[in-house]
Participant: 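Dropping the structure in here first, questions after.
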Amino acid sequence: MAIFGTAIWAVLLFGNSGSKAEAASDPAAAVPVAISDAKLQNVPVYLESLGTVQANLTVTVRSQVNGTLQQVLFTEGQNVKTGDLLAVIDPRPYQAAVDQAAAKIQQDEADLANAQYLLSKDQKLGKQGITSEETVQTQQSQVDQLTAQLAQDRAAKAAADVSLSYTQIRSPIDGRTGIQIIDIGNQIQTTDTDGIVVITQINPISVVSTLREQDLNDVRDALHAGPVEVIAMADNGSDALATGTLALVDNQIDQSSGSIRIKSNFANADESLWPGQFVTLRIRQKTIENAVTIPSSALQRGPDGFFVYVVDKEDVANIRKVSPGPIHAGRAVITSGLSASERVVSDGQFRVQAGTKVYVQNTQRTDVKVK
């Protein structure tokens with residue numbers, strides 16, 4: 001009886017041990033993680049630069065003649081084209097000067113015609129010996145004087161025409177008008193510094209920014225290779241406002257700050273960039289061809305450097321030391337230590353250790369195409 005009871009106890013004991021072993025190997029006991037594949041991609045490498053948007057052209061429209069502002073033909077904030085009529089200065093005094101100059105020319109032409117007739121007559125008489133050579137020369141001098149006077153008065157008429165044209169103030173550039181500075185009825189002087197309005201060219205537009213002195217060679221190498229793409233980013237650092245090209249690198253380094261200025265051009269057709277706006281520029285230095293990339297969240301840092309958890313075919317995670325490169329669009333370049341198509345833990349690493357059995361909760365297979 002005692003032997004029988006011992007046997008039953010042994011069966012129960014070993015049976016319970018078997019249940020525990022089965023529980024330990026149960027997939028449900030594995031650590032849930034998100035897994036992503038390492039992929040081959042072309043990854044652009046960018047330099048970042050803080051800059052200010054600047055208009056290519058800014059003009060303060062001033063009057064070139066004195067007078068009363070008679071008309072204002074633009075509205076504030078209006079887009080204008082070169083040659084558009086913006087304002088009119090009272091033209092009457094200048095029209096009167098033009099008419100007076102025209103009348104003086106007519107008088108000169110009549111006097112000259114008469115002097116030329118007399119000269120012709122004297123020249124005939126001189127050939128007949130009726131009049132002296134001195135008389136002929138005196139009349140020739142009179143013709144020359146009247147010819148010069150006519151030329152002078154014609155120049156005065158041209159100057160009067162120019163002054164009259166200045167009473168119509170036209171836009172010298174394509175751009176957008178600002179706030180109107182002076183109102184109709186006011187006297188305008190050529191010495192006024194404020195002008196009537198400021199016109200600023202919005203598109204195209206430029207951004208002037210600075211880079212570290214250490215980045216100079218990288219930027220120059222990129223320019224030698226061809227057009228360099230530049231992206232203007234919003235304050236939040238994630239929204240791209242406009243894409244342009246690097247125009248030039250300044251011809252000297254600022255020794256006080258150890259930086260160098262660069263200028264980038266943008267078409268700005270949608271006017272997403274505005275003069276005076278602060279932006280962050282991302283300058284494409286180069287493109288890494290066929291780089292091994294993983295989600296940046298998969299990259300971990302430990303006492304010995306960077307590592308990732310690589311998941312094998314048995315869904316067991318192991319530590320793999322890697323050498324990271326640049327990060328772009330949420331994916332990190334791995335320069336060594338990892339091959340394409342290997343699986344890495346991209347979320348849930350806080351519960352994972354070397355040799356941990358993992359349960360694939362969400363496999364991330366998003367193909368990120370980087371141009």
Side-chain angles (χ1 to χ4, degrees), residues 40-59 79-82 171-178 198-255 257-291 293 296 325-333 368-371:
L40 290 178
Q41 295 176 313
N42 295 336
V43 179
V45 178
Y46 290 97
L47 297 172
E48 288 199 352
S49 173
L50 295 177
T52 305
V53 181
Q54 295 185 359
N56 289 337
L57 297 174
T58 300
V59 177
N79 286 322
V80 295
K81 298 291 185 181
T82 301
S171 176
I173 62 170
D174 294 351
R176 182 186 292 268
T177 60
V198 176
I199 300 177
T200 303
Q201 187 183 70
I202 303 297
N203 47 2
I205 206 165
S206 300
V207 175
V208 175
S209 58
T210 57
L211 282 174
R212 302 178 306 163
E213 179 181 351
Q214 297 89 325
D215 296 327
L216 175 58
N217 289 335
D218 291 336
V219 174
R220 293 177 63 188
D221 291 343
L223 281 171
H224 291 158
V228 178
E229 180 188 69
V230 178
I231 302 174
M233 307 297 295
D235 291 340
N236 57 20
S238 59
D239 294 336
L241 297 176
T243 301
T245 56
L246 181 62
L248 63 91
V249 178
D250 201 4
N251 57 6
Q252 61 182 348
I253 296 173
D254 186 345
Q255 296 182 351
S257 62
S259 62
I260 188 166
R261 298 197 308 168
I262 61 174
K263 183 178 182 180
S264 305
N265 293 332
F266 297 83
N268 201 35
D270 59 354
E271 298 184 352
S272 57
L273 299 178
W274 208 254
Q277 179 182 4
F278 289 99
V279 294
T280 299
L281 289 190
R282 302 183 66 193
I283 304 153
R284 182 176 288 202
Q285 174 193 346
K286 60 182 179 180
T287 300
I288 303 175
E289 304 288 341
N290 294 322
T293 67
S296 57
I327 296 176
H328 175 70
R331 296 189 69 86
V333 174
V368 180
K369 296 182 179 179
V370 182
K371 297 181 180 179

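Residues: numbered from 1 along the sequence shown. These numbers were taken from a predicted model, which means no experiment stands behind them.
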Participant: Sequence neighbours left out, what pairs pass salt bridge (Lys or Arg N to Asp or Glu O under 4.0 Å) with at least one residue falling in residues 257-267?
Facilitator: D250-R261
Participant: Please round to the nearest 0.5 Å and tell me the distance separating atom CD1 of I283 and atom OG1 of T245.
Facilitator: 11.5 Å
Participant: Just jot down the side-chain contact (heavy atoms from CB on, under 4.5 Å) partners of T82, sequence neighbours excluded, or say none.
Facilitator: D174
Participant: What heavy-atom pair brings A291 and V43 nearest, and what distance separates the two atoms?
Facilitator: CB-CG2, 4.2 Å
Participant: Mind checking what makes side chain to side chain donor-acceptor pair (under 3.5 Å) contact with S209, not counting sequence neighbours?
Facilitator: S49
Participant: Only pairs at least two apart or in different chains count here, so list each salt bridge (Lys or Arg N to Asp or Glu O under 4.0 Å) that has a residue in residues 40-55.
Facilitator: none
Participant: If I compare all heavy atoms of L281 with all of S264, which pair ends up nearest, and what's the gap?
Facilitator: CD1-OG, 3.8 Å
Participant: Can you sort out the partners of T243 under side-chain contact (heavy atoms from CB on, under 4.5 Å), two or more places apart, ordered by chain and number?
Facilitator: E229, I231
Participant: Is it the case that over 12 heavy atoms from other parts of the model lie below 6.0 angstrom from the CD atom of Q214?
Facilitator: yes
Participant: What are the two closest heavy atoms between I253 and S259, and how far apart are they?
Facilitator: CG2-O, 3.4 Å
Participant: Sequence neighbours excluded, which residues qualify as salt bridge (charged side-chain N to carboxylate O under 4.0 Å, His left out) partners of R212?
Facilitator: D215
Participant: Going by side-chain contact (heavy atoms from CB on, under 4.5 Å), name the residues that satisfy it together with N290, two or more places apart in sequence or in a different chain.
Facilitator: N42
Participant: Using atom types as modelled and distance alone, determine if a side-chain donor or acceptor of S296 lies under 3.5 Å from a backbone N or O of A332.
Facilitator: no
Participant: What donor-acceptor contacts under 3.5 angstrom involve side-chain atoms of residues 265-272, with partners at least two apart or in another chain?
Facilitator:
{"from": "N265", "atom 1": "OD1", "to": "S206", "atom 2": "OG", "distance (Å)": "3.0"}
{"from": "N268", "atom 1": "OD1", "to": "S272", "atom 2": "N", "distance (Å)": "3.0"}
{"from": "N268", "atom 1": "OD1", "to": "L273", "atom 2": "N", "distance (Å)": "2.9"}
{"from": "N268", "atom 1": "ND2", "to": "I202", "atom 2": "O", "distance (Å)": "3.0"}
{"from": "N268", "atom 1": "ND2", "to": "L273", "atom 2": "O", "distance (Å)": "3.0"}
{"from": "D270", "atom 1": "OD1", "to": "S272", "atom 2": "N", "distance (Å)": "3.3"}
{"from": "D270", "atom 1": "OD1", "to": "S272", "atom 2": "OG", "distance (Å)": "3.2"}
{"from": "E271", "atom 1": "OE1", "to": "R176", "atom 2": "NH2", "distance (Å)": "2.6"}
{"from": "E271", "atom 1": "OE2", "to": "R176", "atom 2": "NH2", "distance (Å)": "3.1"}
{"from": "S272", "atom 1": "OG", "to": "L241", "atom 2": "O", "distance (Å)": "2.9"}

Participant: In chain order, what residues pass the side-chain contact (heavy atoms from CB on, under 4.5 Å) check against T58, with sequence neighbours excluded?
Facilitator: A55, V198, T200
Participant: How far does CG of L50 sit from OG1 of T280, to the nearest 0.5 angstrom?
Facilitator: 5.0 Å
Participant: What are the two closest heavy atoms between I173 and Q201, and how far apart are they?
Facilitator: CD1-N, 4.3 Å
Participant: Identify the heavy atoms of V228 and R284 that sit nearest to each other, and give their distance.
Facilitator: CG1-O, 3.3 Å
Participant: Could you walk me through whether D218 and V45 pass the side-chain contact (heavy atoms from CB on, under 4.5 Å) check?
Facilitator: CA-CA 11 Å; D218 291 336; V45 178; over 6 Å; no
Participant: Drop me the distance from T210's OG1 to I260's CD1, to the nearest 0.5 angstrom.
Facilitator: 10.5 Å
